[in-house]
Asker: 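Handing you a structure now.
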Amino acid sequence: MSGRQRVFSGVQPTGNPHLGNYLGAIRNWVEIQSQFDNFFCVVDLHAITVSHKPETLAKDTYAIAAIYLACGIDLSHSTIFVQSHVPAHSELTWLLNCITPLNWLEDMIQFKEKALKQGENVGVGLLDYPVLMASDILLYQADKVPVGEDQKQHLELTRDIVNRFNHQFAKPNQPILKLPEPLIGKEGARVMSLTDGTKKMSKSDPSELSRINLLDSPDEIAKKIKRCKTDPIRGLEFDNPERPESNNLLTLYMLLSGKTKEEVANECQDMGWGQFKPLLTQTVIEALTPIQEKYQAVMNDKGYLESVLRDGKQKAEAIANQTLAQVKAAMGYSMPL
Ligand code: AQP
């Protein structure tokens, strides 16, 4: 694996992973993993930046790790681990906090949107989320970060932090932290809500009908697609800004059926919604059934899942601690005797 560029990415254990997480992130990881040395993290420290349930955090964390395996993450190319098992993530966050200007964080769109929902109770952790995310990526000196479109701004901030840190603490032409690049897929980078084609599909949307979860039963999938928002126009089309639902549902059909955009456009151009919806339902069920079967098998073998995460922690920690030591030395810290 050495000599390959490194990839880092993660999903929060904040609820049921949905088609947006799959098509915007996890499926792309699976597709590219053989070309890279990959670290896929369950980012459970991020999960507490919004209110969370302590009684389900550990279970949800295991479930996301099992989803990674069920979707096809291959341990011969990739390391799967849990963020809170590697304390260097928290420690580097503190160090980088101290060089990050407050107004950079206040400008983040995700912070503004989520802070609005939290009202007066907005926590410091929510504001600091992007510095924790920068630390996740930088500890592994990642070259590429495959994410959905919504994370692009956080990646730009990570790059700003790298430049600032290297400028302040590294010798000229000997950077300590590596500048990572986002890898954002062309299609699926922004899967939209089933109840509003102008809003991103999101775990935190209060309506279950707005998203298809990877673990939804065939009946739930059928019900959600039956009730999803459409428009009164016959014939479906891509890329018409007046018809966001048509574009979103056709894109889901394209990505999950494996057909090309042209094939789907031709096939569906004269279809009514009544004909298209059962076709999409069938396609989603067929795509998710093998993932769900594999997920159940992994969850039924707790010992195996624990061993994956134990090995992952060991591999991740070795690299993370090395970067942390370099950062601390550059900032002038003494090492313990
Ligand atoms: N709708 C989406 N379309 C494409 N990609 C998406 N991602 C999330 N939603 C979509 C990508 O999934 C990865 C993991 O996301 P996360 O678990 O960190 O959660 P998130 O970005 O906060 O999105 P959620 O899951 O929908 O949560 P909320 O409700 O908090 O907005 C990331 O790569 C993300 O880009």
Side-chain angles (χ1 to χ4, degrees), residues 7-32 38-52 57 60-61 63-65 67-68 71 73 80 82-83 89 108-118 122-123 125-126 129-130 132-134 136-137 142 144-158 180-208 210-215 224 228 244-245 247-249 251-252 254-256:
V7 154
F8 178 94
S9 201
V11 171
Q12 303 181 71
T14 43
N16 292 320
H18 50 70
L19 280 181
N21 301 133
Y22 180 55
L23 298 172
I26 305 171
R27 198 171 88 150
N28 300 334
W29 307 351
V30 172
E31 275 169 17
I32 62 167
N38 311 277
F39 285 79
F40 297 123
C41 184
V42 184
V43 288
D44 58 345
L45 296 173
H46 284 274
I48 64 165
T49 56
V50 292
S51 77
H52 80 289
L57 183 61
D60 291 346
T61 300
I64 296 290
I67 285 282
Y68 289 175
C71 289
I73 295 300
I80 297 176
V82 176
Q83 187 184 29
H89 290 251
M108 294 292 109
I109 294 166
Q110 183 176 291
F111 169 69
K112 289 184 196 162
E113 286 176 357
K114 291 196 174 176
L116 262 183
K117 288 184 199 157
Q118 290 190 8
V122 58
L126 190 65
Y129 177 115
L132 178 59
M133 179 168 158
D136 299 339
I137 297 164
K144 307 271 190 238
V145 186
V147 284
E149 184 77 37
D150 59 321
Q151 293 298 331
K152 200 171 162 194
Q153 196 188 28
H154 290 161
L155 250 296
E156 281 159 11
L157 182 104
T158 300
E181 280 175 27
L183 264 189
I184 298 179
K186 225 167 95 219
E187 312 287 351
R190 200 166 168 80
V191 173
M192 309 310 278
S193 156
L194 295 186
T195 47
D196 179 350
T198 63
K199 261 174 48 187
K200 112 176 162 133
M201 186 177 284
S202 164
K203 292 194 212 107
S204 60
D205 191 312
S207 168
E208 261 299 316
S210 68
R211 62 187 160 260
I212 293 175
N213 301 316
L214 297 188
L215 300 177
K224 288 176 179 178
C228 75
E245 285 79 22
N247 186 62
N248 188 41
L249 297 174
T251 303
L252 290 183
M254 175 184 78
L255 292 171
L256 295 174

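Values below: every heavy atom of this structure, side chains too, minus hydrogens, waters and symmetry copies. Numbering of ligands and ligand atoms starts at 1, following listing order.
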Asker: For atom 1 (N) of ligand 1, which candidate among V147, I184, V191, N248 holds the nearest heavy atom?
Answerer: V191
Asker: Using distance alone, decide if ligand 1 has a nitrogen or oxygen within less than 3.5 Å of any nitrogen or oxygen in D150.
Answerer: yes
Asker: For E149, which residues count as a salt bridge (charged side-chain N to carboxylate O under 4.0 Å, His left out) partner, sequence neighbours excluded?
Answerer: none
Asker: Of P13, G20, P182, which has the heavy atom at the shortest distance from atom 5 (N) of ligand 1?
Answerer: G20
Asker: Quick one: does ligand 1 sit under 4.0 Å from the side chain of R190, the backbone, both or neither, non-hydrogen atoms only?
Answerer: backbone
Asker: Look at atom 28 (P) of ligand 1 and say which protein heavy atom is nearest, naming residue and atom and giving the distance to 0.1 Å.
Answerer: S202 OG, 3.3 Å
Asker: Taking distance alone, with no angle check, do K114 and ligand 1 share an N/O pair under 3.5 Å?
Answerer: yes
Asker: Is the closest basic N to carboxylate O distance between D150 and K200 below 4.0 Å?
Answerer: yes
Asker: Using a plain distance cutoff, I'd like to know if S204 has any nitrogen or oxygen under 3.5 Å from a nitrogen or oxygen of ligand 1.
Answerer: yes
Asker: For D60 and Q12, which I'm curious about, is there any donor-acceptor pair between the side chains at under 3.5 Å?
Answerer: no
Asker: Residues two or more places apart in sequence or in another chain: which of them pass side-chain hydrogen bond (donor to acceptor under 3.5 Å, both in side chains) with S51?
Answerer: none
Asker: Please confirm whether the backbone N or O of L255 pairs with a side-chain atom of R27, one donor and one acceptor, at under 3.5 Å?
Answerer: yes
Asker: Can you confirm, on distance only, whether ligand 1 has an N/O atom lying under 3.5 Å from any N/O atom belonging to S9?
Answerer: no
Asker: Indicate yes or no: at least one non-hydrogen side-chain atom of M192 is less than 4.5 angstrom from one of E245.
Answerer: no
Asker: Regarding atom 27 (O) of ligand 1: of the candidates E113, M133, K203, K117, which has the closest heavy atom?
Answerer: K203
Asker: Relative to ligand 1, is N21 under 4.0 angstrom through side chain, backbone, both or neither, heavy atoms considered?
Answerer: both
Asker: Check contact between G10 and ligand 1, using heavy atoms of the residue and a distance below 4.0 angstrom.
Answerer: yes
Asker: Check whether any side-chain heavy atom of S210 sits under 4.5 Å from a side-chain heavy atom of K199, and report yes or no.
Answerer: no
Asker: Under 3.5 Å between any N/O of Q110 and any N/O of ligand 1: does that happen in this structure?
Answerer: no
Asker: Has M192 got any heavy atom lying under 4.0 angstrom from an atom of ligand 1?
Answerer: no
Asker: Record the part of H18 in heavy-atom contact with ligand 1 below 4.0 Å; permitted values are side chain, backbone, both and neither.
Answerer: side chain
Asker: Quick one: look up the protein heavy atom nearest atom 13 (C) of ligand 1 and list residue, atom name and how far away it is.
Answerer: A25 CB, 3.7 Å
Asker: Could you check whether D136 and H46, counting side-chain N and O atoms only, form a donor-acceptor pair closer than 3.5 Å?
Answerer: yes
Asker: Examine ligand 1 and decide if any of its atoms is less than 4.0 Å from a heavy atom belonging to R211.
Answerer: no
Asker: Under 4.5 Å between any side-chain heavy atoms of H52 and T14, yes or no?
Answerer: no
Asker: Indicate whether the side chain of D196 and that of T198 have a donor and an acceptor atom separated by less than 3.5 Å.
Answerer: yes
Asker: At what distance is the nearest protein heavy atom to atom 22 (O) of ligand 1, and which residue and atom is it?
Answerer: Q12 NE2, 3.2 Å
Asker: Which is closest to atom 4 (C) of ligand 1 by heavy-atom distance: P17, A189, S210?
Answerer: A189
